[in-house]
Every structure is written in C-alpha cells, then in structure tokens.
Amino acid sequence: MFFCTIPEPEKALQEIKRVAKPEADIFLFEHVRMKHNLLGKMQDLLTPFWKKICDGCHLNRDTLDMVKKAGMSIQKVEQHFKGLFFNDNMYQ
C-alpha cells in the first residue's frame, strides 16, 4: 500500500493502529515532500497534475507527521535520494 494514493491517509493509519497487535512492527517506504525549499515547492506545484496522471498520488505529503499524529512511535527513519523517500520502522 502506498499512502501517497490514499484519499484519507489519517484514517488509514488509525485503522492500522486499530488492527495491529500492540508493539507490532510496521514498516513504511514512502516518498514525501522534500525539505529542500526549491524542490519541495516544485513538488507542491506538480502535485495537482501528478494526482491526475498517477492514480491520486500526492508528491508532497508529510507522512512522518501523520504517523506521529496517529499516536504511533517511530523507532527509526532512513532517508534516501536526498529526502525524497524514507523508510521507517514504527510501532503503536
């Protein structure tokens, strides 16, 4: 599952939290909005067009923030390609 294409990712994270066993490891590999100012703004500008051609994919989501707001603990985050992709290990 890719959170970039889910219309309401906050609800999806809440459902994962609901059905996962306590202390279950959950792994994500996601592309996210880059922290680099110019590249992040480019992602913001491209996202409306990108969503239309790529099945609803959002280039500029802050998935880590959504995970934190869902009340899940993040154990480890690895960034790839200068912050465009990350994978994390988290548990609820």
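We use all heavy atoms of the structure for the numbers below, so side chains are in, but hydrogens, waters and symmetry mates are not.
A 4.5 Å side-chain heavy-atom check between Thr5 and His58 finds every atom pair outside the cut-off. Ile74 places a side-chain heavy atom less than 4.5 Å from the side chain of Val67.
Judged by distance alone, with hydrogens and angles left aside, the side-chain atoms of Gln43 form no donor-acceptor pair with the main-chain N or O of Asn60 at under 3.5 Å. Checking side-chain atoms of Lys17 against main-chain N and O of Met72 turns up no donor-acceptor pair under 3.5 Å.
Not counting sequence neighbours, the partners of Leu39 by the side chain to side chain contact (heavy atoms under 4.5 Å, CB included) test are Met34, His36, Met42. Looking at residues two or more places apart in sequence or on another chain, you find no salt bridge (Lys or Arg N to Asp or Glu O under 4.0 Å) involving Asp62. Applying the side-chain hydrogen bond (donor to acceptor under 3.5 Å, both in side chains) test to Lys11 and every residue at least two apart in sequence or in another chain returns Glu8. Every side-chain hydrogen bond (donor to acceptor under 3.5 Å, both in side chains) that Glu15 has, sequence neighbours left out, goes to Arg18. By the salt bridge (Lys or Arg N to Asp or Glu O under 4.0 Å) test, Glu10 pairs with no residue at all, sequence neighbours left out.
Hydrophobic cluster membership differs between Leu45 and Leu38, with clusters built from Ile, Leu, Val, Met, Phe, Trp and Tyr side chains linked at under 4.5 angstrom.
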Just do the side chain to side chain contact (heavy atoms under 4.5 Å, CB included) check on Cys57 and His31 with the steps written out, would you?
-> CA-CA 10 Å; Cys57 174; His31 67 80; 3.2 Å; yes
For Leu13 and Lys69: C-alpha separation, side-chain torsions, deciding distance, then whether side chain to side chain contact (heavy atoms under 4.5 Å, CB included) applies.
CA-CA 9 Å; Leu13 287 167; Lys69 287 180 179 175; over 6 Å; no
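Of all heavy-atom pairs between Pro9 and Met66, the closest is CG-SD, 3.4 Å.
Residue pairs meeting the salt bridge (charged side-chain N to carboxylate O under 4.0 Å, His left out) criterion with at least one member in residues 36-61, sequence neighbours excluded: Arg33-Asp44.
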